[in-house]
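Every chain is numbered from 1, with letters handed out A, B, ... down the list of sequences.
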Number of protein chains: 2
Amino acid sequence: MAIASLTEKTDGITGKLKAPALMISAAPKTRIQKRNTANILEAALEVFSAVGYNGATVDGIAQAAKMSKPNLLYYFSSKEAIHVTLLEQLLDMWLDPLRALDADGVPKDEILAYVQRKLEMSRDMPRESRLFANEVLRGAPHLSADTKNALKALVDQKAAVIQGWVDAGQIAPVHPYHLIFSIWAQTQHYADFDVQVRAVLPEAEARDPFPTAARHLQQMFERMLAI
Amino acid sequence: MAIASLTEKTDGITGKLKAPALMISAAPKTRIQKRNTANILEAALEVFSAVGYNGATVDGIAQAAKMSKPNLLYYFSSKEAIHVTLLEQLLDMWLDPLRALDADGVPKDEILAYVQRKLEMSRDMPRESRLFANEVLRGAPHLSADTKNALKALVDQKAAVIQGWVDAGQIAPVHPYHLIFSIWAQTQHYADFDVQVRAVLPEAEARDPFPTAARHLQQMFERMLAI
DNA sequence: CGCGTCTTTGACCAAGCGGTCAATTGGGAC
DNA sequence: GTCCCAATTGACCGCTTGGTCAAAGACGCG
């Protein structure tokens, strides 16, 4: 598992800095810049995931990052720039579990492990899940074509792996793309619709739906894939 | 199936009318009131589902309903009132497929039929799905306690039915609540994350993901429930 | 026709928004 | 220390927003 805290991951920042009438396109260098951009992105994740892009205010993010609004805008040229940076930066991490799906592993184990990793992400990183859910719900207006292509390429590759397992008779016949959608939908459901899940579940389970969810999903995909 | 067009369903409107310094709490009576409230709610569904609550503007909804903003506010006292009315009014329709789950039917058939009905709703009423997704994502701030209780009561009842089928050995052992979540998550995924589904799927299927999705989900739950 | 009520709207307002700017403060290299 | 650039901020601006209001228009009924 070993999911790193967000604030630790400050590499790969693509946010554009702005000196008065000057844009620095390279990655930030100074220690203070790293700290502040990380703080801003952490605060933005908190706010965006809670109230969505339109519901968030620059001032609100600035307060959550414990700095003034103009200071925040010294590091990111606009609210949109923060959002875009956040999305691009987190998508990589978000796809790690799928990337780890190993074509040379035991098919059923690989898929079940993927389900469990994805469910753990819903449990440990619900804000990221809601951020993406919000973005995709609105038609992904802030995701670049490059990012979408990279996502598609990864899914294509892993779908081919799954299809290979089907063809080799190692798992029951499944539509590989829809299988991946099933995994995404069911695992992310526990992050995105958390309040609904807890509102509906009997009290004892509502306190922590994840243990029973994990067992349910394992059961589900085991039966789905059994030869 | 026979899903009625939204504009036809004008009964049960609970929106408060406002004459100058006067609130009419009863349902609207005149023909013109019915027409206008229906137009407003249809326009609001279009706008809210596309850009979310915070992204929507009263003026935008008014324009979509082909009327002026003050006129719209003559029928609904606030933007929030429109949203609340819309949610409460649509939730009933939204839960119809689950309500139709028949304790006296053939268990596997009942559940598979529920899955198909729910998937049809995602195909035919994606705006409603996104409206609810948006609301729940934000923590359901506009859903009354009554509504949440009614939802829970319905799910409790149907979960008991499913549990009964399990106990009678008519379907394989499953966690009834998580089974319902699995159905919700996977069917609504095709409405809420439509752009992602189409972006990832091979072109031929992306044009209409629903036929293959229907087969996939039938397969999935068949294997899940088989004794 | 006249008349009261329902409906519609242009003009307006206060608040909040994203973003700018000039001016101030702080930090590090020498 | 000092000097320069990075970092920070209070004040401000133009615009959009949700909502109000007074007045005008349309409708129905005698």
Side-chain angles (χ1 to χ4, degrees), chain A residues 10 13 15-40 43-44 47-48 51-86 141-142, chain B residues 10 13 15-40 43-44 47-48 51-86 141-142:
Chain A
T10 55
I13 290 174
K16 294 170 182 65
L17 283 185
K18 184 196 62 172
L22 168 68
M23 291 283 189
I24 303 171
S25 55
K29 292 160 195 147
T30 77
R31 174 175 38 92
I32 196 167
Q33 281 176 355
K34 282 190 176 178
R35 192 198 59 199
N36 278 346
T37 49
N39 283 350
I40 292 169
V47 175
F48 281 137
V51 295
Y53 180 77
N54 286 306
T57 69
V58 175
D59 205 59
I61 298 171
Q63 276 184 255
K66 297 192 177 80
M67 60 174 68
S68 66
K69 182 172 66 163
N71 198 18
L72 182 149
L73 289 167
Y74 172 71
Y75 290 97
F76 290 89
S77 58
S78 69
K79 174 179 164 181
E80 191 182 354
I82 308 175
H83 198 237
V84 170
T85 302
L86 200 52
H142 288 155
Chain B
T10 55
I13 290 176
K16 296 169 181 63
L17 284 184
K18 184 195 63 169
L22 169 67
M23 293 283 191
I24 304 172
S25 55
K29 294 162 194 145
T30 79
R31 173 175 38 91
I32 197 167
Q33 281 177 355
K34 280 191 176 180
R35 192 199 59 199
N36 279 346
T37 50
N39 283 349
I40 291 169
V47 174
F48 281 138
V51 296
Y53 180 78
N54 287 305
T57 68
V58 175
D59 205 60
I61 297 171
Q63 277 184 254
K66 298 191 176 78
M67 60 175 68
S68 67
K69 182 173 67 164
N71 197 18
L72 182 149
L73 288 168
Y74 171 72
Y75 290 97
F76 289 89
S77 59
S78 69
K79 174 179 164 181
E80 190 182 355
I82 307 174
H83 198 237
V84 170
T85 302
L86 199 52
H142 289 155

- [ ] Working to the nearest 0.5 Å, report the span between CD1 of Ile40(B) and CZ of Arg35(B).
- [x] 10.5 Å
Open item on the list: Could you tell me if the side chain of Thr37(B) sits less than 4.5 Å from the side chain of Phe76(B), heavy atoms only?
Closed with: yes
TODO: Respond yes when some side-chain nitrogen or oxygen of Asn71(B) is under 4.0 Å from OP1 or OP2 of dT7(C), and no when none is.
DONE: no
- [ ] Please examine the side chains of Asn36(B) and Tyr74(B), heavy atoms only from C-beta on, and report whether any two atoms are closer than 4.5 Å.
- [x] no
- [ ] Taking only the side-chain heavy atoms of Tyr74(B) (C-beta and beyond), determine which of dT7(C), dT9(C), dA7(D) contains the nearest atom.
- [x] dT7(C)
- [ ] Confirm from the modelled atom types if Lys79(A) and dG19(C) form a donor-acceptor pair under 3.5 Å, side chain to base only.
- [x] no
Task: Heavy-atom closest contact (Tyr75(B) atom, Ile32(B) atom, distance) - done: OH-O, 4.5 Å
Task: Short side-chain N/O contact from Tyr75(A) to OP1 or OP2 of dT8(D), under 4.0 Å - done: yes
Task: Spacing of Asn36(B) atom CG relative to dA26(D) atom P, expressed in whole Å - done: 15 Å
Task: Candidates dA7(D), dG18(C), dG19(D) - which lies nearest the side chain of Thr30(A) - done: dA7(D)
Task: Contact under 4.0 Å: Gln33(B) side-chain N or O vs dT7(C) OP1/OP2 - done: yes
Task: Minimum-distance nucleotide to Pro70(A) side chain [options: dA11(D), dT9(C), dG18(D)] - done: dA11(D)
Task: Selection: residues 52-67 of chain A, any non-hydrogen atom under 4.0 Å of DNA chain D - done: none
TODO: Measure the distance from CG on Leu72(A) to C1' on dT20(C) and round it to the nearest whole Å.
DONE: 14 Å
Task: Selection from dG19(C), dT8(D), dT8(C) that lies nearest to any side-chain heavy atom of Leu73(A) - done: dG19(C)
Task: Nearest-nucleotide comparison on DNA chain D, the residue closer to the 5′ end among Ile32(B) and Lys69(A) - done: Lys69(A)
Collect all protein-nucleotide pairs involving nucleotides 28-30 of chain D in which both atoms are nitrogen or oxygen and the distance is under 3.5 Å.
| residue | atom | partner | partner atom | Å |
| --- | --- | --- | --- | --- |
| dG28(D) | OP1 | Arg31(B) | NH2 | 3.2 |

Which side-chain N or O atoms in residues 51-69 of chain B pair as donor and acceptor under 3.5 Å with protein atoms at least two apart or in another chain?
| residue | atom | partner | partner atom | Å |
| --- | --- | --- | --- | --- |
| Tyr53(B) | OH | Glu80(B) | N | 3.4 |
| Thr57(B) | OG1 | Gly60(B) | N | 2.8 |
| Ser68(B) | OG | Asn71(B) | N | 3.4 |

